[in-house]
Every structure is written in C-alpha cells, then in structure tokens.
Protein chains: 2
Amino acid sequence: MPTIKDIATLAGVSIATVSRVLNNLGGYSEETRKKVMAAAESMNYYRNEMAAGLKKSSAHIIGLIMPTSPTLFYGDIIEGLESEAQKHGYGVIIAHASADGINLSEIISLMAERRVEGLVIASMALVQNVITQINGLPFPVVLVSTKSDKSIPYIKVDDESASFDATEYLIHHGYEKIAIAGPNISDQIAGVPRINGYKRAMQKHHLPVDPDWIFYGTFSFESGIQAMKYYFQLSNRPEAVFSVSDDTAIGIIVTATQEGLQVPKDIAVIGYDNTRVAEMSNPPLTAISQPFFEMGAKAGRKIIDAVESNQPIESEILPHTIVERRSV
Amino acid sequence: MPTIKDIATLAGVSIATVSRVLNNLGGYSEETRKKVMAAAESMNYYRNEMAAGLKKSSAHIIGLIMPTSPTLFYGDIIEGLESEAQKHGYGVIIAHASADGINLSEIISLMAERRVEGLVIASMALVQNVITQINGLPFPVVLVSTKSDKSIPYIKVDDESASFDATEYLIHHGYEKIAIAGPNISDQIAGVPRINGYKRAMQKHHLPVDPDWIFYGTFSFESGIQAMKYYFQLSNRPEAVFSVSDDTAIGIIVTATQEGLQVPKDIAVIGYDNTRVAEMSNPPLTAISQPFFEMGAKAGRKIIDAVESNQPIESEILPHTIVERRSV
DNA sequence: TTGGCTTACGTATACGTTTACGTAAGCCGT
DNA sequence: ACGGCTTACGTAAACGTATACGTAAGCCAA
C-alpha cells in the first residue's frame, strides 16, 4: 500500500507537508494542498492507523467484552457504545468471553496489547484476580449491567429497587399471592438483589411470602416453562409472577396458556429487561425496562470523557421504568 | 507503559533477546528466559500491538460492518465471526453503518486505515461506488447474508429456493390458498427472490396466486400486524401465510389470535430466519432456518484462509432447513 | 540597510517492535 | 593450530507516521 512517502515523491513535496495536508494542520499553500490531495487520491491512499497510533500513542479504540451467552439485549449495548464511539472518531473492538469468565483475563490482556483507550465489560461477574488485573491497567474500565467492588466504576440499574417496583406494581394491581421466577441464589448481582427487592415490597404491604413461590432458575425461556409447570402443581398457587427476565416471563405465559390459564386474568406476569420480545408476546408483556442502548452509549461517553479530561469514571445508577402492556 | 527496552535494561539483556523470549523464538538460554520473564512480569508489561503490527504490517484484526437496524440475528453473526477469529488469534472490530448505507464508504475507509486483514459486510445493499471502492481494497472482503455483483464473494442461503421450500412445505400440508407477507419489491436480495420462490412453488403445484395475497411490507413485527389486518378484510382470505421474517410471522400470529382465529387450524404461518423468538411464540413458530452463527464463523475462516494462502475467496450458498414447530 | 516577523515548507527523530545480520565463545575434527 | 559449525546473544535498520525544529523567502517598519 502507498505511504505518505510515495505521495510526497509523486507530489514533489516532503512527507511533513503531506502529513500536514492530510491532517488539515495548515502551513501550506492552496496549490500544494491540491497537489498532495490529487496524489493521495490517485494512489488510493489509506492512512496507516497503526503507524499513526504508535507515534501518537493512542489507538482511538474502545474495547468491549461480553459473555458468549445468547441474550437479546447485547445488540443494543453494542449499538449504543458504537454509535457514541463513532461520533467521536473512535472504533470499537469486541471480544467474547465465556460466560464463566475463564478466559476473561487473557482477553483483557489482548485489549491492553491493542492499546485500547478504554474498556467496557458487560454483564460479567469478576473474580478477584481479574479485579486486580483491571486495577493495574493504564486505561479506564467501566462495567455495564454488572458490578464488582468499589474499585471499578459501573453503569447499571438498581436491581433491588427495580424488583421492588415490579413487585409493588403487581400489588397495586390487586394481586397478593405473588411469586418470583428465575433468580439464582449464587448470583450476587442479578439474583440476590432481586429476591431482596421482591421480599421488601411484600413486607411493606404486609403480604406473606410462601417460600414455594420462589422458583430458583436461570434467565432462559426454558426456565420459565419449568417455573410455570412447578407453580401449576402447587396447592397454594400464585396469582402473579415477577420474572427475572423477559424470556422467562414468556416461558411462563406460553406454558400457562397451554395449560388453559388466561393471562392476565388467571395469572399475571411482569418481565424484566424489556427486550424486543416483550412486545411480541401474546399478550404483550409488561416489563421493567433497562435502557441498554443508553447504557452502552453512556459507557462510551464516560470513557471518552475520562480519556480527554484524565479524570476517573464515576459509577452511575440509571433509572428503570415499567413499560405497561397487557400481561398484568 | 513499559517497553521491551525497559525490560531489556532491567533484565540486563538486549531488546532483541527480550523480543525473542517474548515471542518464543528460541535462541536463548533458560537462564536468560527466566530473567526476561521475571522482568516483564514485574513491570506489568503488555506488548504494543500497534508497534508490532506496524513492523509486521499486519494488525491481526478482522472488520465487521452491519446495519444499525434492530434485528435479532446479528448477535449470532458476530459471535460466529468472533469465535472463529479468536481461535486464530485475530480480533474483531465492528462498526455500524446506517441501514441505507449512506456512510458505508467512510466506514470502509476507517477499516482500511486500521489495516484490517479482511472485512465482513453483513446484510447491506451495496451501491456502485461502494463496490468500486471494495474492489480497490488490498484485503479480502466477504458479504454475509447479502450479495452484490460477481466481483465480491458472499455467504448466504438461496432465498429463492428457501422461499420455494417454505411455500411447498405449506402445500404439502394441504394448504392451497397461500399468501406471502412482508417482501419489498425493491429489495433485490431478500425481496424479489422470495416472491419468485413463492410463485414458482405455487405454479409447480398448479395453484392460483391471488395478487391480493402478496402483502408488500418490511421485516418488522408491525408489518406482520398490518399484514394480518389486511388479510382479514379480504373476501378471498388465505389459509396459510409464508412470512419473510420471524418477527413478521409473529405479528401475524398475534393479530390472528386476537381476532379469534386459531393458529394453525384457521390460519397457518411459516417464518423465516429461525431467530430465538421463533420458539418463544405461541404456538411455537415453524420457520426456515438460516445458520447465522455458521455464516459468521465461515466468513471468518474464509478470510483467515484467504490471508494465509493468498487465494481469493469463493462464494458459498449455505443450506437452509425447515425447523418444524407448531404453527403449521 | 538591518532586524524581526510570518509563511511555507524540509530535515530528522521518535514511537515500540521485529528481524537480518554480525560476532564472540565454545566445541569438534583434522 | 586451524577451519568450520553451533549457540547465544547484541547491533542496527526498518515499518509509516507525527512533529519539534530549522530555514529560506518574502514582507514590513525603522
């Protein structure tokens, strides 16, 4: 590929002048500019970002690490981050870590080798030695839709209070026998806080919590099917379910419908995430909405701000909302 | 950040030796290796890929460009590509182009500046000057789930024959009044061929095609809702619908159900793509399946092969399948 | 005339690696 | 003792760009 040296030769100027013209730095005559531009065009020149980045010691790239689990909202996070990055002339390099985070440390190293300007880690739990590694990194890192200890800033909604609101929303609609489906007791980020929020809402309204109503599971559609089958054979059957994901909620709805129950008349369901499947469910799913696109965009903006101002990133709790449809 | 020069100083060797040790090239004693590794560890060294890439003139990065439209299968393409890339030590840099491709040329330039090893463009229509630009690029480009002229290799399923199969599947299940919902007549890639496949199947089985049965639209859920409302007020109402996307199909199912029709008894629906919503529909959606993860992975492999063997990439038509569920 | 300022360049170095090449030391066989 | 081979290094030159610095030319004021 042609270099500025080739352009310089063809245009009959020095490489410094070519560089100045190409970067709009001024200090050249209009005539020279035309010669250089013409030469560059004719040679099909593309600037070498690696060389430029090496010299300027900045790659203008933001890294993004996500788990390899098939979840629907990742697309929104990517698009949010990428749109913000593109706006500021940054690129986004993305890598998937296995959901258990086994290879996370390696992937972080690869990002460091690429000299990313900053790193976004979405929806992954961090073990201690990864936290240590991150704290030793010379660029900002921000967590999205997850958190660890105080040392790493994060952007997420408040799971406990979102769960409280979801549960209270059901209570306000007259339901008293309310279940929670899907939480994982060993998940300190999206499991335990959601159970706590659920319990707090029930307690506030002096409603009993039947331990049988807590169906531990995953965020999957299948988990929702299992949850509903489980509830179905309960003697003290719940009238409403707060589900920890939209997929799980739809699993519940589909299974309930197949068993002859009507949603929301016989059983109400509220989901979590408000992904695109929520509106496609039948009936359409009422759900807690997480602003994934905004989370991605915000992560990008915070990193760019941090790089340009040299200030540390501050965590941010984003507001959740309840998108009302017809499943409650 | 520390450089190999710093390591060399600390370990008391030359930078060449450090480089050799760090790259496992041999030509050093075990004692030296240990000294170097210890020094590198203690300084928290990360290799500078920009410098290495500049010297070796290879960035070990594959570019991926996708439209910014909210479609569910992009995640699978990304994951397929990224998993294959990671396996071979490549990174993936991703950029979104507006769906109309206005800024596509710029984005391709950015990829060229980053000296990607190859470029994957997914699901975008290419205008002539972009095609020209691509043909002038010094690295391989492969299209995924789209095609242009002969000059650029692509990986996709055969839309015409998939549509033929979908339609024939309905015919084999006894339906005769079959509609097609969602195609766009100006879409030469996913519009016209699907209409043609549909018509060919109908003709083969000597079934009449009522022009009213072709509902032109988009790939969206809303388009499905509109399609069903439209079919509903038709005097010659179809008994089955071939829908150009899963979202559209589910829009049809939801609307039909709300209007009191039963799926598939009163109206059968077959979707296209087999995204994750297909199994979550009620009833679960029978659909043409496109292997998106495999498409991404294959694109990655072809690029890596092309780079390493210096051979051009050949187009490939991937087989589609019909995933049978309960909407037919 | 001289000095100083501005404009429009060119020269040369640095960024951090990789790697071709040189070389000293050690060992072998003759 | 000598040449030749191998091993374990070091030296130095790239890769393509940005940029600090130098400088010649032109202009103006005193």
Side-chain angles (χ1 to χ4, degrees), chain A residues 1-37 39-40 43-61 89 91 109-110 112-117 138-139, chain B residues 1-37 39-40 43-61 89 91 109-110 112-117 138-139:
Chain A
M1 286 194 76
T3 71
I4 53 170
K5 196 181 283 183
D6 300 318
I7 298 179
T9 307
L10 184 60
V13 298
S14 75
I15 59 166
T17 297
V18 175
S19 177
R20 279 188 282 255
V21 170
L22 259 25
N23 291 297
N24 285 318
L25 293 180
Y28 44 80
S29 66
E30 175 60 17
E31 188 191 7
T32 303
R33 196 190 67 81
K34 278 184 184 155
K35 274 193 300 185
V36 170
M37 292 307 267
M43 303 184 88
N44 201 15
Y45 170 80
Y46 290 104
R47 152 179 129 111
N48 186 328
E49 265 286 328
M50 290 190 297
L54 172 60
K55 176 65 199 176
K56 300 202 294 186
S57 57
S58 97
H60 265 227
I61 290 197
S109 295
L110 287 176
E113 292 178 359
R114 294 238 142 84
R115 292 295 188 271
V116 295
E117 225 81 355
F139 48 79
Chain B
M1 286 195 75
T3 70
I4 54 170
K5 195 180 284 182
D6 301 318
I7 298 178
T9 308
L10 185 61
V13 297
S14 76
I15 58 167
T17 298
V18 174
S19 176
R20 279 189 282 256
V21 170
L22 259 26
N23 292 296
N24 286 317
L25 293 179
Y28 43 80
S29 66
E30 175 61 17
E31 187 192 7
T32 303
R33 197 190 68 81
K34 277 184 184 155
K35 273 194 302 185
V36 169
M37 293 307 266
M43 303 184 88
N44 200 16
Y45 170 80
Y46 290 104
R47 161 176 124 109
N48 186 329
E49 263 287 327
M50 290 191 297
L54 172 62
K55 177 63 200 175
K56 302 204 292 186
S57 57
S58 96
H60 266 228
I61 290 194
S109 295
L110 287 176
E113 292 179 0
R114 301 229 188 258
R115 292 297 189 270
V116 294
E117 226 82 354
F139 48 80

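By convention in this document, chain letters (A, B, ...) are assigned in the order of the sequence lines, proteins followed by strands, and residues within each chain are numbered from 1.
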Worksheet item: Under a criterion of less than 4.0 angstrom to any heavy atom of chain B, what are the 5'-terminal and 3'-terminal contacting nucleotides of DNA chain D?
Response: D/dA8 to D/dG16
Worksheet item: Between C/dG10, C/dT18, C/dA20, which one does the side chain of A/Arg20 approach most closely?
Response: C/dG10
Discussion item. Can you pull out the residues from residues 10-19 of chain B that lie within a 4.0 Å heavy-atom distance of DNA chain C?
Written reply: B/Ile15, B/Ala16, B/Ser19
Practice prompt. Just do the side chain to side chain contact (heavy atoms under 4.5 Å, CB included) check on A/Val18 and A/Val21 with the steps written out, would you?
Written response: CA-CA 5 Å; A/Val18 175; A/Val21 170; 5.9 Å; no
Worksheet item: Does CD in A/Glu30 sit with more than 12 non-hydrogen atoms of other residues, nucleotides or ligands closer than 6.0 Å?
Response: yes
Discussion item. My understanding is that only residues two or more places apart in sequence, or in another chain, count here; which of them pass side-chain contact (heavy atoms from CB on, under 4.5 Å) with A/Ser19?
Written reply: A/Asn23
Practice prompt. Test side chain to side chain contact (heavy atoms under 4.5 Å, CB included) on B/Phe139 and B/Arg115 and set out the steps.
Written response: CA-CA 9 Å; B/Phe139 48 80; B/Arg115 292 297 189 270; over 6 Å; no
Worksheet item: B/Val36 versus B/Arg33: any side-chain heavy-atom pair under 4.5 Å?
Response: no
Discussion item. Distance check needed: C/dC15 C1' versus A/Asn48 CG, whole Å only.
Written reply: 13 Å
Worksheet item: Which whole-number value in Å describes the distance from B/Leu54 CG to C/dC15 C1'?
Response: 9 Å
Worksheet item: Passes side chain to side chain contact (heavy atoms under 4.5 Å, CB included), B/Leu22 versus B/Met37? Steps please.
Response: CA-CA 8 Å; B/Leu22 259 26; B/Met37 293 307 266; 4.1 Å; yes
Practice prompt. On DNA chain D, check which nucleotide each of B/Lys55 and B/Arg115 is closest to and give me the residue with the more 5' one.
Written response: B/Lys55
Response to the item:
So CD of B/Glu49 and CD1 of B/Ile61: to nearest 0.5 Å the spacing works out to 7.5 Å
Fill in: B/Asn48 vs A/Leu54 side-chain heavy atoms within contact, under 4.5 Å
yes
Worksheet item: Whole-Å distance between C/dC15 C1' and B/Asp6 CG?
Response: 13 Å
